[in-house]
Amino acid sequence: MTGPVADGLTAAVDLVGRSGPGATVFLTGAGVSMDAPSCLPSGPALTRRVFDTFLEPGLLTDVQALHSAFGWWRPPGCPLGRPGQATAAPADPRLETVLGAVVRACAGTPVEPLEVLADVRDARPNAGHDFFARHLVADGRHITANFDTCIEQRYRELTGGPPATGIVQHFHHSFAGNPDGEGLGATLARVQGGLEPAHADQLLRTLRERSLLVVLGYSGSDFFDVDATVAAWRPGTLSGLRVVWIAHHTEPAHPWHQVPHDDASVPRLVRLLAVAGATVTVLCGHTARLYPGLRDRWDLGPQPPEPAPVRHPVSVIRRLAPDDPLRGACTFVLCRELGLHRRLGAMLADGLQPAAVSDDERLWARSEWLWEQGRWRDLRRMWRRTAPGDARGPLAAARAERIGASLWVQGRLLPAYLWLLLRRRRFPRSSAEYLMLSETAGRVVEHMTYTPELRLLGQRLARRHHADLERLSPAAGASLFATRSDLRDSLARIDSGEPRGPQATQGPADIVFQAGNLLAWVSYRHRRLRDTYRPPSADASDADLRAYDDRMATRYRELTALYTLLGSVAGAARTVLLPGAGRVFGPREYWSHVRSVQYAPWHRFRLLARYALSMAERRSVRVRPVLRRVRRCRRREEPK
């Protein structure tokens with residue numbers, strides 16, 4: 001099948017059915033549980049439910065507006081309908097991020113956030129679950145991202161007993177073993193470390209034991225665990241495995257057709273499976289239409305009667321009252337997770353009820369907000385006044401790190417470096433506190449290489465600090481893994497003298513994008529502009545210089561606008577310090593940004609001097625072609 005054809009559904013049934021049930025394993029997601037009588041919500045619907053239940057009104061609209069400004073769009077739909085499609089819609093925040101923030105905010109309260117999944121826990125099997133249960137009876141295997149146990153329920157009804165261990169794999173766990181939902185892979189904290197080793201081993205074993213994998217109702221958006229697991233497999237690991245990926249279309253009459261792997265609608269996991277050695281075919285069609293043909297082909301029994309389209313009741317899910325302080329607390333925590341410092345600052349200024357947000361949450365939120373406002377002197381004072389309690393405890397390390405970081409970002413590089421090294425000695429070398437202080441010291445060393453009078457020292461120290469920072473696995477957490485990987489790469493390149501290209505920040509940027517942190521994502525974009533800056537050539541024409549300046553102005557001003565949308569004064573100020581920013585920002589605008597944050601006096605003088613030199617160099621570059629033309633004219637006019 002290479003395109004839409006009249007007998008596309010027949011060809012799809014033949015493609016899947018020729019292997020037989022015993023050679024086939026199904027991988028399913030939320031889409032297979034949406035039909036009646038299960039009537040479970042899709043991922044986006046569940047995200048909206050969490051917003052409606054726990055978060056302040058209008059927050060989802062505000063986040064979607066920011067996603068639109070940042071260019072974060074939902075994956076495009078089917079290629080056949082794309083020419084006539086309306087404008088792309090902004091992406092929703094990641095469910096695991098939103099629900100994780102709510103769980104953290106509600107800790108210690110009577111509210112049970114995971115009750116938003118109550119209908120998943122109590123769902124009834126539909127025709128798709130009946131088909132999958134009969135497939136298991138015929139010696140099939142099943143892998144699912146779903147928390148419901150509908151397949152097991154229907155299997156028990158058919159056979160009188162539960163399926164054997166390992167026949168159905170819930171790689172995010174299920175309500176069968178987690179009645180309260182605590183162990184489910186429903187929050188970012190649970191999934192960002194990757195699949196549990198036992199689940200990863202079972203996934204690989206199941207795929208290698210079967211010759212066909214059929215993916216149904218699954219978005220392929222498990223970036224942190226499933227994608228990471230498959231990406232770690234060596235090429236050839238899945239040799240001999242055929243994969244048929246069914247991209248669900250909501251219209252039952254939609255013609256079945258094949259979709260190219262490089263289409264924008266195809267999930268990243270498809271390409272990862274192909275790299276691992278599988279032969280992958282992507283089809284688009286209405287998933288439920290596949291079941292009857294496969295039932296007949298595999299002799300799995302008749303299609304059950306279609307139930308009445310009645311939604312499953314969700315009576316136990318209780319919305320917080322509009323004026324409940326817990327709504328403000330959940331919103332506060334989520335704004336921190338997404339990097340929404342404009343809204344976070346407004347909430348800090350308005351004040352939150354003491355019982356709504358923990359002291360630790362408030363302390364760290366204020367610290368992050370002061371940092372993004374460029375009020376680093378105030379930040380250092382705040383942490384100096386914070387009593388650490390145990391001088392060798394985590395809070396003492398955090399206090400020392402933040403004081404050192406505020407010195408660093410002010411431009412006091414040597415005092416920052418010495419402060420961090422002295423405080424680091426209080427902690428064991430392999431401890432998390434030691435590594436945290438080492439990481440910030442590594443950032444100081446990296447900054448030294450951008451500073452003329454400290455460049456040689458920074459280059460000498462880069463190798464030492466690269467050795468101090470052990471390589472982390474994704475299991476350490478998405479944010480920490482991204483920042484540590486980025487810093488290690490930067491220090492290694494400083495030591496070797498290799499330039500950093502756009503690919504250096506691609507991995508960390510993908511991680512924070514998937515987690516939904518807007519501020520971290522735009523900061524990696526800032527870093528990419530620094531890494532990829534190449535000055536114009538000395539012999540460039542006036543037209544080339546104008547085109548170069550226009551490109552620079554577009555990129556730098558867009559970056560400044562994104563920082564401003566998020567309420568990051570410091571981010572906007574850092575943009576005018578990027579290489580070549582003197583070609584974009586005039587003296588008054590440059591001084592306005594530099595003055596808006598609390599740089600140290602000597603650092604501020606250094607920045608202004610550098611700007612003046614760049615302006616002088618720019619004028620000389622523009623004057624040079626004119627001087628060359630004048631010299632040529634003079635040579636022509638000289639008598640022979």
Side-chain angles (χ1 to χ4, degrees), residues 94 96-97 188-195 197 200 222-234 268-269 271-272 275 337 339 368 397 401 404-405 408-409 420 424 429-450 458-459 461-532 571 574:
R94 190 178 189 90
E96 293 90 342
T97 299
L188 190 60
R190 293 286 304 179
V191 302
Q192 67 177 347
L195 282 184
D222 287 313
F223 174 88
F224 296 102
D225 45 24
V226 178
D227 282 19
T229 298
V230 176
W233 292 342
R234 299 175 62 182
R268 173 174 176 259
L269 183 57
R271 291 180 280 277
L272 294 177
V275 170
E337 290 289 327
E368 292 163 6
E401 188 275 335
W408 151 49
V409 76
L420 291 164
R424 191 178 67 170
R429 188 175 182 84
S430 59
S431 66
E433 292 80 9
Y434 182 95
L435 291 172
M436 176 178 64
L437 292 164
S438 294
E439 184 169 330
T440 305
R443 292 291 178 193
V444 178
V445 168
E446 182 187 38
H447 199 157
M448 286 179 180
T449 63
Y450 304 144
Q459 290 170 349
L461 294 173
R463 178 180 298 180
R464 178 189 304 175
H465 281 276
H466 181 270
D468 280 344
L469 295 171
E470 64 181 20
R471 186 185 299 275
L472 286 176
S473 73
S479 178
L480 182 58
F481 176 73
T483 56
R484 182 73 58 81
S485 301
D486 176 70
L487 178 58
R488 280 178 53 86
D489 177 79
S490 179
L491 293 174
R493 290 176 186 270
I494 289 169
D495 181 47
S496 65
E498 296 178 13
R500 273 166 61 97
Q503 73 285 350
T505 54
Q506 189 60 52
D510 286 344
I511 289 173
V512 297
F513 167 73
Q514 292 292 335
N517 192 313
L518 289 148
L519 181 62
W521 181 83
V522 75
S523 294
Y524 279 114
R525 188 169 179 177
H526 175 284
R527 189 165 178 79
R528 178 177 295 184
L529 288 174
R530 176 182 288 280
D531 292 342
T532 58
R574 287 196 301 271

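Atom set for the values below is all heavy atoms of this structure, side chains included, hydrogens, waters and symmetry mates excluded.
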Once you round to the nearest 0.5 Å, how far does [atom1] of [X] lie from [atom2] of [Y]?
| X | Y | atom1 | atom2 | value |
| --- | --- | --- | --- | --- |
| Thr97 | Leu188 | OG1 | CG | 4.5 Å |
| Ser438 | Arg484 | OG | CZ | 8.0 Å |
| Leu480 | Ile511 | CG | CD1 | 10.5 Å |
| Thr483 | Tyr524 | OG1 | OH | 5.5 Å |
| Tyr434 | Arg429 | OH | CZ | 3.5 Å |
| Leu487 | His466 | CG | NE2 | 8.5 Å |

For [Y], is there any backbone N or O sitting under 3.5 Å from a side-chain donor or acceptor partner on [X]?
| X | Y | value |
| --- | --- | --- |
| Arg493 | Pro499 | yes |
| Arg488 | Leu469 | yes |
| His526 | Arg574 | yes |
| Thr449 | Glu446 | yes |
| Asn517 | Glu337 | yes |

For residues [X] and [Y], report the shortest heavy-atom separation together with the two atoms involved.
| X | Y | result |
| --- | --- | --- |
| Met448 | Gly458 | CB-CA, 3.8 Å |
| Gly501 | Thr532 | C-CG2, 4.0 Å |
| Leu195 | Val226 | CG-N, 4.3 Å |
| Ala462 | Ile494 | CB-CG2, 3.6 Å |
| Arg424 | Asp468 | NH1-OD2, 3.1 Å |

Between Arg443 and Asp486, does any side-chain N to carboxylate O distance fall below 4.0 Å?
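Result for this pair is yes, salt bridge flagged.
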Test side-chain contact (heavy atoms from CB on, under 4.5 Å) on Trp233 and Val230; report intermediate values, then the result.
CA-CA 5 Å; Trp233 292 342; Val230 176; 3.8 Å; yes
Is any side-chain heavy atom of Arg527 less than 4.5 Å from a side-chain heavy atom of Pro508?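 Of all side-chain heavy-atom pairs linking Pro508 with Arg527, none is under 4.5 Å.
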Q: Please tell me if the side chains of Gln514 and Asp227 come closer than 4.5 Å, counting only heavy atoms from C-beta onward.
A: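 Gln514 vs Asp227: side chains apart.
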Where do Gln506 and Asp510 land on the side chain to side chain donor-acceptor pair (under 3.5 Å) test, with the steps shown first?
CA-CA 6 Å; Gln506 189 60 52; Asp510 286 344; 2.9 Å; yes
Q: Determine, step by step, whether Glu96 and Phe224 satisfy the side-chain contact (heavy atoms from CB on, under 4.5 Å) criterion, reporting the C-alpha distance in whole Å, the side-chain angles of both residues, the deciding distance to 0.1 Å, and the verdict.
A: CA-CA 11 Å; Glu96 293 90 342; Phe224 296 102; over 6 Å; no
With sequence neighbours left out, what residues match Arg525 under salt bridge (Lys or Arg N to Asp or Glu O under 4.0 Å)?
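Arg525: salt bridge (Lys or Arg N to Asp or Glu O under 4.0 Å) contacts with Glu558.
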Testing Val444, Asp495, Val445 for side chain to side chain contact (heavy atoms under 4.5 Å, CB included) with Leu461, which one passes?
->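 The residue from Val444, Asp495, Val445 that satisfies side chain to side chain contact (heavy atoms under 4.5 Å, CB included) with Leu461 turns out to be Val445.
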*Measure from NZ or CZ of Arg94 to the centre of the six-membered ring of Phe223 and say whether it is under 6.0 Å with the direction within 45° of the ring axis.*
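Negative - Arg94 is either too far from the ring of Phe223 or too far off its axis.
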- Item | Over 12 non-hydrogen atoms of neighbours within 6.0 angstrom of CZ in Arg500 |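 For Arg500, atom CZ is crowded (more than 12 foreign heavy atoms under 6.0 Å).
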